[in-house]
Amino acid sequence: MSYIRGDLLSKTRKLVKGLAKPTPVWLKPMAEAPPVTFPRTDGKIRKIEMPEDVYVKRFFKKHPDSLDHDAVKINGFDPPPTRVFAWRVLELKGQGVSEEEAMAVADMEYRAEKKAYSELKQIARLQGKKPPPNPYPSAIKIIQAEEKKFVRDRFFNPKILEIVQKMKAEKVAEMQERQREFGNGGGGWNGSQRQ
C-alpha cells in the first residue's frame, strides 16, 4: 500500500473500490470517526527557544568562565546557575522592574552566593572542620573526582597489573621476533639489498 497516496483510510477505500481487497470490518467505524491528521512540517526542525534563553546568553557573555566551571547535571534536579539567573530576571521583570535593574539584581545575587560559599569555606578551615559541599562545583573538578579512583586503580589493582605484565611480555616477544627476522636477513632495508 506504500505506493498509494494518502492515509490508511483513503488507501483502504481505494483498494476496496478497485476490488483489490475485501471490505475490512473496521472500515465503516473508521470512516465515521477518522483518525486525527497532524499538519505536515516543511522538513525543517525549528530550534526550541525558551523565554529565558536571551538572559542565559547574556549571563555567559558577562561570566564566560562559568561555561567551564558551572556543571550541568543532566540527571540532577537542580537547575544550572545560568537558568536560575535567567528565571530570576524574568521574575523581577514580571514584578515591574526594568530589564537593566533586574539583570543587576540577579547578577548581584549570583555573585553573593558564590562569595558566601567562599566565606563559609574560610570559616570551616579556621574551625578545623570540613567545608560544606560547593553549590556551584567546577565541571572539571567533578569529572576529575569521578576519574580519580580509576587513575589510582591502574597502579594498585592486581587485575590491571596482570594485564600490564602480559602486554609487556607480548611486546618483548614481538621485539625478539623482529630481531630474529632482521638477524636472518629476511627483512629490513639491508637484508633486501643483499639478496
Side-chain angles (χ1 to χ4, degrees), residues 1-114 116-117 132-151 153 159-160 163:
M1 276 203 287
S2 61
Y3 58 89
I4 302 174
R5 297 191 85 149
D7 60 350
L8 179 67
L9 185 62
S10 61
K11 288 179 182 181
T12 310
R13 278 185 183 155
K14 287 177 185 175
L15 288 171
V16 169
K17 192 174 184 180
L19 300 173
K21 182 177 184 176
T23 307
V25 178
W26 51 265
L27 185 63
K28 188 175 179 183
M30 190 175 187
E32 291 173 5
V36 179
T37 55
F38 296 101
R40 293 190 174 237
T41 60
D42 57 351
K44 296 178 185 175
I45 299 173
R46 287 186 284 156
K47 186 178 177 183
I48 298 173
E49 292 188 16
M50 305 298 278
E52 69 264 13
D53 285 348
V54 176
Y55 302 110
V56 168
K57 289 176 186 170
R58 287 187 188 172
F59 178 85
F60 283 134
K61 282 182 183 174
K62 197 167 195 172
H63 304 283
D65 59 325
S66 67
L67 279 168
D68 299 326
H69 294 289
D70 293 339
V72 176
K73 296 177 184 167
I74 294 173
N75 60 350
F77 292 103
D78 297 328
T82 53
R83 292 282 166 196
V84 173
F85 172 85
W87 292 338
R88 181 68 176 140
V89 171
L90 288 174
E91 178 185 339
L92 291 170
K93 279 183 67 181
Q95 294 173 359
V97 180
S98 70
E99 186 173 343
E100 293 81 25
E101 290 176 4
M103 292 274 293
V105 169
D107 187 48
M108 183 182 68
E109 290 174 357
Y110 173 73
R111 289 175 191 248
E113 276 192 52
K114 285 232 175 198
Y117 174 71
N134 189 351
Y136 299 113
S138 167
I140 296 167
K141 288 182 180 177
I142 290 173
I143 292 169
Q144 286 176 344
E146 289 173 358
E147 293 176 346
K148 192 173 189 177
K149 67 177 182 178
F150 298 114
V151 171
D153 212 25
K159 290 181 181 178
I160 293 176
I163 292 170

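Residue numbers start at 1 and run along the sequence shown.
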- side chain to side chain contact (heavy atoms under 4.5 Å, CB included) with Thr12: which of Leu9, Leu8, Leu15? Leu8
- Any residue meeting salt bridge (Lys or Arg N to Asp or Glu O under 4.0 Å) with Glu91, in chain and number order, not counting sequence neighbours: Arg88
- Item | Close side-chain approach of Lys62 and Met103, heavy atoms under 4.5 Å | no
- Query: Are the side chains of Asp53 and Arg83 in touch, meaning some heavy atoms are under 4.5 Å apart?
  - Reply: yes
- Task: Could you label the plane-to-plane angle of the Phe59 and Tyr110 rings as parallel, tilted or perpendicular, counting under 30° as parallel and over 60° as perpendicular?
- Result: perpendicular
- Measure the shortest side-chain to side-chain distance between Pro22 and Val16 over non-hydrogen atoms and say whether it is less than 4.5 angstrom. no
- Message: Within the 4.5 Å heavy-atom criterion, are Lys61 and Lys57 side-chain neighbours or not?
- Response: no
- Task: Output the distance between atom CD (Gln95) and atom CG (Leu90), rounded to the nearest 0.5 Å.
- Result: 11.5 Å
- Item | Donor on one side chain, acceptor on other, Tyr55 and Lys93, under 3.5 Å | yes
- Residue pair Arg58, Asp107: steps toward the salt bridge (charged side-chain N to carboxylate O under 4.0 Å, His left out) verdict: CA-CA 11 Å; Arg58 287 187 188 172; Asp107 187 48; over 6 Å; no
- Minimum-distance pair of heavy atoms, taken over all atoms of Val97 and Ala102: CG1-N, 3.8 Å
- Query: Just by modelled atom types, is the Ala112 backbone N or O under 3.5 Å from a matching donor or acceptor in the Tyr117 side chain?
  - Reply: no
- Item | Heavy-atom check, side chain of Glu101 versus side chain of Leu92, under 4.5 Å | no
- Query: Taking side chain as C-beta onward, heavy atoms only, is Asp153 less than 4.5 Å from Lys149?
  - Reply: no
